[in-house]
**Q** 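Sending over a structure as structure tokens; questions will come in a sec.
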Amino acid sequence: MRHRTGPPAASDGAPLVSLRGVTRTVRILDAEDLHVLRGIDLDIHRGDRVAIVGRSGSGKSTLLNLLGLLDVPTEGGLFFEGADARRLGADERARLRGSAVGFVFQQFNLLPGRTALDNVMTPLLYAGGRQFWRREKLAAAMLERVGLGSRLRELPQKLSGGEQQRVAIARALVRGPRLILADEPTGALDLDTGAAVMDLLDDVARETGAALVTITHDVSVAARSQDLYRLDAGVLSRQVVPA
Amino acid sequence: MTAFVASVVEAFSELRIHKTRVLLALLGVMLSVAALTSVVALGTMAQAGLVQSSERTSGRAATLGASVYSATGAVDTGSTLAAYDDVVERYRIGYSSVRLDTSLSIRGPAGVVAAPTTIIERDYGVMRRLDVVDGSWFTEVDEQRLAPAVVVNEAFHRLVGSPDLRSAPGLTIEAETPVSATIVGVLADDYAEAQPQAFLLRGQAEQWDLGQDQGIPPALELWVPEEIADALTARVQGDLASQLGAEAQVYRQDYAAQGDPYAVVTLGIGGIAGLVLVLGAVGLLNISMVTVKYRVREIGIRRSFGATSGRIFFGVMTESVVATFVAGVAGVMLSVAVIKHPRVESFIAQGVTDLPPFPVGAALIGIAAATAVGALAGLIPALVAVRVKVIDAIRY
């Protein structure tokens, strides 16, 4: 099955990701099934700024995994650039994820023992053609963009939390994703550093026209979004963005 | 193509990052391969030494020994030798030699001694893999000498005062008319307490009538291809019997006549080598499994950035195979350094004049085994890595 791999035209209005009646159920041995997500409907377009809030265990990360093609729904439809994710094989989803989705994690998840440059080059190992062969140049340029041009050869443990998260952001963006998924990106940072990181994420998302979906507990982070959703016991509801 | 190059780049990067762990893991593989290669090499060289020793004693595969006898009396030596010559010519035997074990009285510094002497033809040296330690084996020129040429063993050489062969040392063979002979070559003793032994060419023995009057019937040795040995045995036996009107006995006398006598040795070496290899493989597998567990989170992160399960599998396998290949080469080099060490070599070379070189086969087996171990030890961790659930792995 062919799926669109290029960015959707701005004028076509088609959602980048679309969830229709999505349910995610986890089977638990000797216990009732756990319904992590129930009847989720959600459309995300290019350029959208979406925040999802909710208590721990409400299903936020599961929703993020679905949006990032790391998981598939138990029921319902998940369409990524029009392609039905449930009909894609694991490797097709991996390739689509690599080219279209960038992840930023709460704990940064930088690869230990590798320099900042090596970490940012990692996603380019799974890219084809020019991106792979020019990986060092692209990674260096992206680190320059996030303000770490002078720390290319530093190991993660030599960087501050904010710097590590900026390396993670550079890594998430180096392949030019259409969708950036940030899971509590400021959760491990102090307020000022968190704000700086969010400024950076907003800026680079705006520059590239990528959609930014952020899962957060932080009201100030949620207030930056255009659309705010709350997940409660697996049910998604739209909220008013705080001023 | 890009994906393949990227996988190799990734594998090398991983090896570089985890160099301490990799080195420790590979140290075991390298030592296992060195042990395996050394065992195979030592076995092969020892076996080659045994074969050489056997060839000196009874000839190369396939050597046919022919002799004739009569129940009614002695068979005429001249007729027997003529019949042997006919056989060699009729079947166009490439290497052959008459063999007549006799005894000659030799006058030396210590007086006259009776020296066991074997009358042979030039081919005998090649057929028995006889290597001289001084001088040379009989050449065509020696057949034309005006005085008989003699090749002796080291014990004989010592008996006559260890003369320098460059001075063409002479000795006197006691006969009706004493004959002056020249020592042209010295053979290594087969064992430490070897008895003095001399060799004389058939043509010169006939010319000077040496050693042929002792009633011992001459034998004939033929070095023939193994595939025709059986057929030729029957034909030669029939020919000699009918030609001489006597009983003829022809049989394979080389070490391989009853099959490979060193098969048990080979099997034993193979068993030990296999055991060494299994121990190395288990050690590496253990480390590889621990490593994959340690890298679950990393694998999850890579998958989140688009690594397919195929890439993860290939990456883990490539790391393992590349690393063990390098360890294999290092192990083989270590093995060569040990085996070719003069002290080790002299130990292996006891009683062997023509020491075989380090067997290429052993080196290839070592490298192939290392690579196979890498593939096997990489396979299970690679399968585990592929089954890693991305979501769980990232949170690991």
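Quantities reported herein were computed from a predicted structural model and do not represent experimental measurements. In the text below, chain A, chain B and the rest are named by the order of the sequence lines, each starting its count at 1.
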**Q** Kindly check if the number of other-residue, nucleotide or ligand heavy atoms within 6.0 Å of CZ (A:R55) is above 12?
**A** no
**Q** Any side-chain heavy atom of B:E10 sitting closer than 4.5 Å to one from A:Y126?
**A** yes
**Q** Examine distances only and state if a side-chain atom of B:R303 and a backbone atom of A:L70 form a donor-acceptor pair shorter than 3.5 Å.
**A** no
**Q** Nearest 0.5 Å please: distance from the CZ atom of B:R297 over to the CG atom of A:L111.
**A** 10.0 Å
**Q** Using a 4.5 Å cut-off on heavy atoms from C-beta on, say whether the side chain of B:V5 contacts that of A:W133.
**A** yes
**Q** Go through the steps for A:L125 and B:R311 under the test side-chain contact (heavy atoms from CB on, under 4.5 Å), then give the verdict.
**A** CA-CA 10 Å; A:L125 289 173; B:R311 275 295 292 277; 4.1 Å; yes
**Q** What option among A:D91, A:D71, A:V101 has the most heavy-atom pairs under 4.5 Å with chain B?
**A** A:D91
**Q** Select one option (side chain, backbone, both, neither) describing which atoms of A:R93 are under 4.5 Å from chain B's heavy atoms.
**A** neither
**Q** To check you understand the geometry: which heavy-atom pair defines the closest contact between B:F305 and A:R175, and what is its length?
**A** O-NH1, 3.8 Å
**Q** Nearest 0.5 Å please: distance from the OG atom of B:S304 over to the CG atom of A:L69.
**A** 12.0 Å
**Q** Okay, side chain of A:N109, backbone of B:I301: is any donor-acceptor separation there less than 3.5 Å?
**A** no
**Q** Would you check if A:R135 and B:V9 make a side-chain contact, meaning some heavy-atom pair closer than 4.5 Å?
**A** yes
**Q** Does A:E32 CD have over 12 foreign heavy atoms under 6.0 Å away?
**A** no
**Q** Using the rule given for side-chain contact (heavy atoms from CB on, under 4.5 Å), can you reason through B:T308 versus A:E92, listing the C-alpha separation, both sets of side-chain angles and the distance that settles it, and then say yes or no?
**A** CA-CA 8 Å; B:T308 60; A:E92 283 179 296; over 6 Å; no
**Q** Counting heavy-atom pairs under 4.5 Å with chain B, which one of A:R97, A:Q106, A:M121 comes out on top?
**A** A:R97
**Q** Quick one: closest heavy-atom pair of B:A307 and A:A94, and the distance?
**A** O-CB, 3.9 Å
**Q** Evaluate whether atom CZ of B:F358 has more than 12 neighbouring non-hydrogen atoms of other residues, nucleotides or ligands under 6.0 angstrom away.
**A** yes
**Q** Of the backbone (N, CA, C, O) and the side chain (C-beta and beyond), which part of A:F132 lies under 4.5 Å from a heavy atom of chain B, both, or neither?
**A** side chain
